[in-house]
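Notes follow the structure.
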Amino acid sequence: SSPPSRAASKNPSQNPSRAASEIPSQAPSRAASNVPSRALSSFPSIVPSTFPSRALSSFPSIMPSTSSFPSGAPSFFPSSVPSVSDSTSPTVAPSASLSTHPTISTSPTVENLEFKLELTTDEYGVETSWKVINTDNNVVVAFNESYDSSTAFSEKFLLPRGRCYKFTISDTANDGICCSWGNGEFSVSIDGIVLDSGGNFGTFASVTFGNCDAK
């Protein structure tokens, strides 16, 4: 076979060359070459190449590349065809979804009192009960009863400020929770300040708290 031409052809070939040319073409090729170019081309490719370019192109590709080889040099032109490959990297954008688990505070605030009851029952815990009422309207706002015997309990919740409340602890056997049938006791506090405590109270013991000055 004859050696490759050393001079540039003024007319483009209608068939792909089977050997690599050492002289760049002066016109774009209209058929795909199976041999990669060894020199810089002055024209953009009209058809996609199946080989990676060995030199940096001065023109953007007219058609998307179908090459399975990575480019050896960065492109200076944006691609006109979007990428269809899936990203394997997670997004770094913050989540806009709302939490389905709100935080419930039991600490005292400007609007609320923190009520806390520490209770240890005697040998007949089922006889013990307590309640808190709003004395402005005599509505029961909290209560509990029928406790396990000889067991310690702690209960805490918030109450709106600006109202008067009354706490009452009762024993249905009229002998309190100390000391004939075990050493039971209670302690009730508001915002960390103990208002009343004891165990030997007979039928019941009570204390008022909150805004009760006018009562």
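Nothing here was measured: the structure is a model prediction, and the numbers come from that model. Below, all heavy atoms of this structure are taken into account, side chains as well, without hydrogens, waters or symmetry copies.
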Note to self: Do T128 and E145 have side chains that approach each other closer than 4.5 Å (heavy atoms only, starting at C-beta)?
What the structure shows: no

Item checked: Spacing of K131 atom NZ and S129 atom OG [to the nearest 0.5 Å] -> 8.0 Å

Item checked: Ring centers of Y147, F153 separated by less than 6.0 Å -> yes

Next item on the list: From the options V110, N211, D191, select the one residue that forms a side-chain contact (heavy atoms from CB on, under 4.5 Å) with R161.
Entry: D191

Notebook entry, point to check: Should L195 and L159 be regarded as members of a common hydrophobic cluster, given that ILVMFWY residues are connected when their side-chain heavy atoms come within less than 4.5 Å of each other, either directly or indirectly?
Noted result: yes

Next item on the list: For F115 and L158, run side-chain contact (heavy atoms from CB on, under 4.5 Å): C-alpha distance rounded to whole Å, both residues' side-chain angles, the deciding distance at 0.1 Å, then the answer.
Entry: CA-CA 6 Å; F115 174 92; L158 299 179; over 6 Å; no

Next item on the list: Using the side-chain contact (heavy atoms from CB on, under 4.5 Å) rule, pick out the option among I169, I190, V188 that qualifies with V207.
Entry: V188

Notebook entry, point to check: Within a strict 4.5 Å, meaning less than it, do heavy atoms of the T135 and C164 side chains meet?
Noted result: yes

Notebook entry, point to check: Is the shortest distance from a Lys or Arg side-chain nitrogen in E118 or K116 to a carboxylate oxygen in the other one below 4.0 Å?
Noted result: yes

Check: Do Y165 and F186 belong to the same hydrophobic cluster, where Ile, Leu, Val, Met, Phe, Trp and Tyr are linked whenever their side-chain heavy atoms lie under 4.5 Å apart, directly or via other members?
Finding: yes

Next item on the list: Sorted by first residue and then second, give each side chain to side chain donor-acceptor pair (under 3.5 Å) pair with at least one member in residues 196-209; sequence neighbours left out.
Entry: N174-T203

Next item on the list: Please name the pair of heavy atoms, one in F204 and one in S170, separated by the smallest distance, quoted to 0.1 Å.
Entry: CB-OG, 3.7 Å

Margin query: By the definition side-chain contact (heavy atoms from CB on, under 4.5 Å), identify the one residue from L119, T121, T120 that meets it with I177.
Written below: L119

Checklist line | F157 versus A142, closest heavy-atom pair with distance | finding: CZ-CB, 3.4 Å

Next item on the list: Evaluate the side-chain proximity of E127 to D175: yes if any heavy-atom separation is below 4.5 Å, no if none is.
Entry: yes

